[in-house]
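A quick write-up on the structure given underneath.
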2 protein chains.
Amino acid sequence: MPTTPDQKLWARTRQAVHAEVARTAMSLFLERGFEATTIDDIAAAAGISRRSFFRYFGTKEDIVLGDLAARGELIRKELEARPATEDAWTALLNALRHTPRPGQDDATTLQISKMLYGTPSLRARSLEKHLQWQALLTPEIRRRLGVAPDDEHDLRADAIVACVLTCLDVAGEAWTRSDGSQSLEDLVLMAVAAVRGSAADT
Amino acid sequence: MPTTPDQKLWARTRQAVHAEVARTAMSLFLERGFEATTIDDIAAAAGISRRSFFRYFGTKEDIVLGDLAARGELIRKELEARPATEDAWTALLNALRHTPRPGQDDATTLQISKMLYGTPSLRARSLEKHLQWQALLTPEIRRRLGVAPDDEHDLRADAIVACVLTCLDVAGEAWTRSDGSQSLEDLVLMAVAAVRGSAADT
DNA sequence: GCCTCTCTGGCACTGAGTGTCAAAGAGTCA
DNA sequence: TGACTCTTTGACACTCAGTGCCAGAGAGGC
């Protein structure tokens, strides 16, 4: 797409509207809750029609989780760039660690996390996004295990990727529960250690 | 509730209707697909009103996944009954193995699994049910790790339970993908082995 | 100025899920 | 048997998410 350095006016306004609607919606969500905010509310507050809203976001959940799909792609790139000396787990954890997170202040991130873990439909969608990440990351892990990237017969890579993402999720929930008092990275490492038995477990 | 040995007629008919509607709906699902079947279709085929349907099932997904909630409770009981000598992983895996599965012939189970893994809304709900199982099983695992069952500060138990369930899910998907050609139990063990590093992993 | 391409809003529609209400059957007590 | 209570039921209306269709307006190329 980046044929022209400054893109078509269309694309630029589209991007601007997208961001503006997302901003408006997020502030409504944080103010009165996700489920209590209807699409009509958002459309009215953003000054667009209901119909146009659905041209920018497929679902209400996409406003909150939309970036996650793009983030999965970034993680995949980062994973592929990890040195071949790193084993599957290390490479995955480093890829997650080194992929830039959306830049918000901690208070807002915590607020969003609480909404995410407290709203069933959002939680469900977020788990679905993790499945997408899984599909994205598994081929590279297969490669690192010495298996053909499309060998669906071997489920070891699937299991490892899925469990790393599960640990990320568990850590994220713990982080949210503790009001962000501990570093998310440490929590992820603790979860992985518990699973892999490197630390003390019965 | 079991005051009378043979329950009130109300309760019995209610149970019968519940089962009958579920049976009707499942055959419609398998025939023309989950998403292509509307609640009106089901209600009409089962000979009840649309409104009554929602008195038996909260959502369309509950027809397929309704038993899972009850099954979680059975697994919890089985887990608590495992001997104290078993470590967290062994106890969890044995509890899962020894909890009776809903008795269907393998062909039907496979068909349902394919529907489950192929329908986003069903997949999402099923992941949510796993979260419920997680909450149910974690206290007992905390106990086995020597932590207070309600100690939310320690996330090791959460991580272990979540990863075992993730392995179950990954194995279930592989089982479905391979048309049930391998034993689900073996697949689960393979997934766990891959995660815990007992087998060869880079 | 013309043609095309995209974005937009409006309208109507489907489908899930909920609240309300009046009617009918089941169970209990006298 | 009759009166009273409790549950279930169907019907209607409603909200909300999401989609298809269509006509109009603005941007960009020629």
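Each chain gets a letter, A, B and so on, in the order the sequences are listed, and its residues count up from 1.
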Short N/O separations, protein against nucleotides 24-26 of chain D, under 3.5 angstrom:
none

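- Between A:Glu140 and A:Arg82, every side-chain heavy-atom pair lies at or beyond the 4.5 Å cut-off.
- Protein atom NE2 of A:His18 is 13 Å distant from nucleotide atom P of C:dT8, rounded to whole Å.
- As a whole-Å value, the separation of A:Leu122 CG from D:dA17 C1' is 14 Å.
- Near DNA chain C, meaning a heavy atom under 4.0 Å away, the residues from residues 42-56 of chain A are A:Ile48, A:Ser49, A:Arg51, A:Ser52, A:Arg55, A:Tyr56.
- The stretch residues 21-29 of chain A has no heavy atom under 4.0 Å from DNA chain C, so no residue of it qualifies as close.
- Distance CZ (A:Phe34) to C1' (D:dA17): 11 Å, rounded to an integer number of Å.
- The distance from atom CZ of A:Arg14 to atom P of C:dT6 is 12 Å, rounded to the nearest whole Å.
- With sequence neighbours excluded, the residues satisfying ring-ring contact (aromatic ring centres under 6.0 Å, His included) with B:Phe57 are B:His18, B:Phe53.
- Looking at A:Arg101 and A:Leu184, their side chains come closer than 4.5 Å, going by heavy atoms from C-beta outward.
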Requested in this report: Kindly indicate, with the supporting measurements, whether the criterion side chain to side chain donor-acceptor pair (under 3.5 Å) is fulfilled by B:Glu35 and B:Thr119.
Outcome: CA-CA 8 Å; B:Glu35 288 174 326; B:Thr119 311; 5.6 Å; no
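- Put simply, the side chain of B:Leu131 reaches to within 4.5 Å of the side chain of B:Gln134, judged on heavy atoms.
- Under the 4.5 Å side-chain criterion, counting only non-hydrogen atoms from C-beta, A:Arg51 is in contact with A:Arg55.
- For B:Lys114, the side-chain hydrogen bond (donor to acceptor under 3.5 Å, both in side chains) partners are B:Asp179, not counting sequence neighbours.
- Regarding A:Asp40, its CG atom lies at a distance of 7 Å from the P atom of D:dC16, rounded to whole Å.
- The environment of B:Arg32 atom CZ is dense: over 12 non-hydrogen atoms of other residues, nucleotides or ligands sit within 6.0 angstrom.
- Rounded to whole Å, the distance from CG on A:Asp41 to C1' on D:dC16 is 11 Å.
- Remark: C1' of C:dT6 and CD of A:Gln15 are 16 Å apart, rounded to the nearest angstrom.
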Give the table of side-chain donor-acceptor pairs shorter than 3.5 Å for residues 188-195 of chain A, with sequence neighbours excluded, one pair per line with atom names and distance.
none

Query raised in the report: Could you go step by step and tell me if B:Arg123 and B:Glu173 meet the salt bridge (charged side-chain N to carboxylate O under 4.0 Å, His left out) rule?
Result: CA-CA 11 Å; B:Arg123 190 85 162 96; B:Glu173 193 170 7; 3.4 Å; yes
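- Judged by distance alone, the side chains of B:Asp106 and B:Thr109 never bring a donor and an acceptor atom under 3.5 Å apart.
- Between B:Arg32 atom CZ and C:dG15 atom P the separation is 11 Å, expressed in whole Å.
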